[in-house]
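So the structure is just underneath, and the comments pick up after that.
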Protein chains: 2
Amino acid sequence: MSLKYAILVCLSDGPKSGYDIAKQFDEKTGFFWRARHSQIYRELGKMKDNDLARAEEVEQSGKPNRIVFTITEAGRTALLQWSREPSEPQVLKDDFLVQLYGIESIDLDALRRNLLLRLERHQDRHAEYLVKQKLLENGNSLGDLGRQLALDVGIRWEHEWMDWCTKALEKLHPDALADARATPTNIIPMDMGETRNAER
Amino acid sequence: MSLKYAILVCLSDGPKSGYDIAKQFDEKTGFFWRARHSQIYRELGKMKDNDLARAEEVEQSGKPNRIVFTITEAGRTALLQWSREPSEPQVLKDDFLVQLYGIESIDLDALRRNLLLRLERHQDRHAEYLVKQKLLENGNSLGDLGRQLALDVGIRWEHEWMDWCTKALEKLHPDALADARATPTNIIPMDMGETRNAER
DNA sequence: CTCCAATATTCTACTAGTGGAATATTAATA
DNA sequence: TATTAATATTCCACTAGTAGAATATTGGAG
């Protein structure tokens, strides 16, 4: 997927400047879409060239002029076409996953510290999304349903990471680690038998 | 994060050619790391230049010669250093999330079809990972623990997506959709009150 | 006995995204 | 009164990743 469609969705809600779009990404859709303003303006230029949006310069008193983009019919068609293409799940890319595969070659103390840090980040985000969810819960429009479903993905995502970080920290507990590192046979005296990675 | 560290982790397990690394990505770590062979060879060249790995050409009868890369001390140090840096959660990028925000401008029938397709893909992967988990469950080494934890992320991820796709399909049920589209006031006669996006 | 899969690497053109400097103005804050 | 935040856009150098053509050899399946 590309930024193009994220911008088209933004514009389908009404005409916006590059600045507006950047703000919307930051404030509203930041948990699943981010882009630097440099990229947004560049993309808007291309979209204008391809007739997916048309530009209009609006004079403002005080502030610099803004260039407002409006979605065209071709833009709406492109959006519709895109939604018809089959979507492939994206690849889960996370530092931890690579580090865990190389667990024997990394700094385990640092990994534990990072797991703790990340746990906090995920807890913060989770709480933040729950607040957003509260604001949406009374909406009954199709648009609200979409936003509720999207936010739910974010909430699940953060929740699973919180849960996983906690579990990983337990398994990589200092005592267990000390034992694992002390014994070349690598037997970790934990309750792996009972609480192993079975489905929750 | 970059491919560099994924390759260093690969090499920390023993010398490998670009081909071996590509195969490992495909077979073992495909759920969280993928790279085209073109990118891998390009990266290996850079890593050789930066003294993170050294190359050795090995003659083979029959097959073309392979260039085997071995991690250097500098490579091991870089890996260690990297694991000490704080890790930021990655952004959740998924077509569906963008489409849900633009739900009023997309093809809803197509969305439902795609949700069904994706549900199947996630079910397949989930089943596949459970098989992998079974193979790992008796391992007690530190390396096995790392692989178990990493795989667990993949299993959770697929499980949540399966669950979410099912829920989204229910909410976007044809009848509900027809009602939502027929009424301009956009009141969706569903049990949103009871089963809304509360935490599971 | 032909074609395909597997092994193995190089190359080029491309798209996507990062990171930040540069520029300009006004309103609010300290 | 100095400066910082907010508004608004352009530009440039860079990293990361996609996609696939080109080349070469052997063993096995049909």
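Distance, I67(A) CD1 to dT7(D) P: 17 Å, rounded to whole Å. Remark: C1' of dA6(C) and CG of D20(B) are 13 Å apart, rounded to the nearest angstrom. If you take NZ of K48(B) and P of dT9(C), they are 12 Å apart, rounded to a whole angstrom. Distance Y5(A) OH to dA16(C) C1': 14 Å, rounded to the nearest Å.
Side-chain contact of D20(B) with S17(B): a donor-acceptor pair under 3.5 Å is present, judged by distance alone. Using a 3.5 Å distance cut-off with no hydrogens or angles, the side chains of S141(A) and D144(A) do pair a donor with an acceptor. Between the side chains of R84(A) and Q81(A), at least one donor-acceptor pair of N or O atoms lies under 3.5 Å.
Residue K23(A) is in sugar-phosphate contact alone, with no base atom involved, counting any heavy-atom pair closer than 4.0 Å across all strands shown.
The shortest distance between side-chain heavy atoms of V98(B) and W82(A) falls below 4.5 Å. Side-chain contact check for R66(A) versus E57(A): every heavy-atom pair is 4.5 Å or farther apart. Contact annotation: the side chain of V153(B) approaches that of W161(A) to within less than 4.5 Å [non-hydrogen atoms, C-beta and beyond].
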Can you check nucleotides 18-20 of chain C for protein contacts, nitrogen or oxygen pairs under 3.5 Å, and list what you find?
unit_1	atom_1	unit_2	atom_2	d
dT18(C)	O4	R42(A)	NH2	2.8
dG19(C)	OP2	R36(A)	NH2	3.2
dG19(C)	O6	S38(A)	OG	3.2
dG20(C)	O6	S38(A)	OG	3.3

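For dT15(D), the OP1/OP2 oxygens have no side-chain nitrogen or oxygen of S2(B) closer than 4.0 Å. Proximity of K93(A) to the phosphate of dG17(D): a side-chain N or O atom is located under 4.0 Å from OP1 or OP2. Considering only side-chain N and O atoms, Y19(B) lies under 4.0 angstrom from the phosphate OP1 or OP2 of dT7(C).
Two end axes, each from the C1' atoms of five base pairs, can be drawn for the helix from dC1(C)-dG30(D) to dA30(C)-dT1(D); they diverge by 30°, to 10 degrees.
In terms of heavy-atom proximity, D51(A) sits nearest to T72(A) at O-OG1, 2.6 Å.
Tested against Y101(B), the residues F32(A), F31(A), Y5(A) include a single ring pair (Phe, Tyr, Trp, His ring centres under 6.0 Å) partner, F32(A).
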Walk me through whether D26(A) and R34(A) qualify under salt bridge (charged side-chain N to carboxylate O under 4.0 Å, His left out).
CA-CA 7 Å; D26(A) 272 5; R34(A) 256 175 241 182; over 6 Å; no
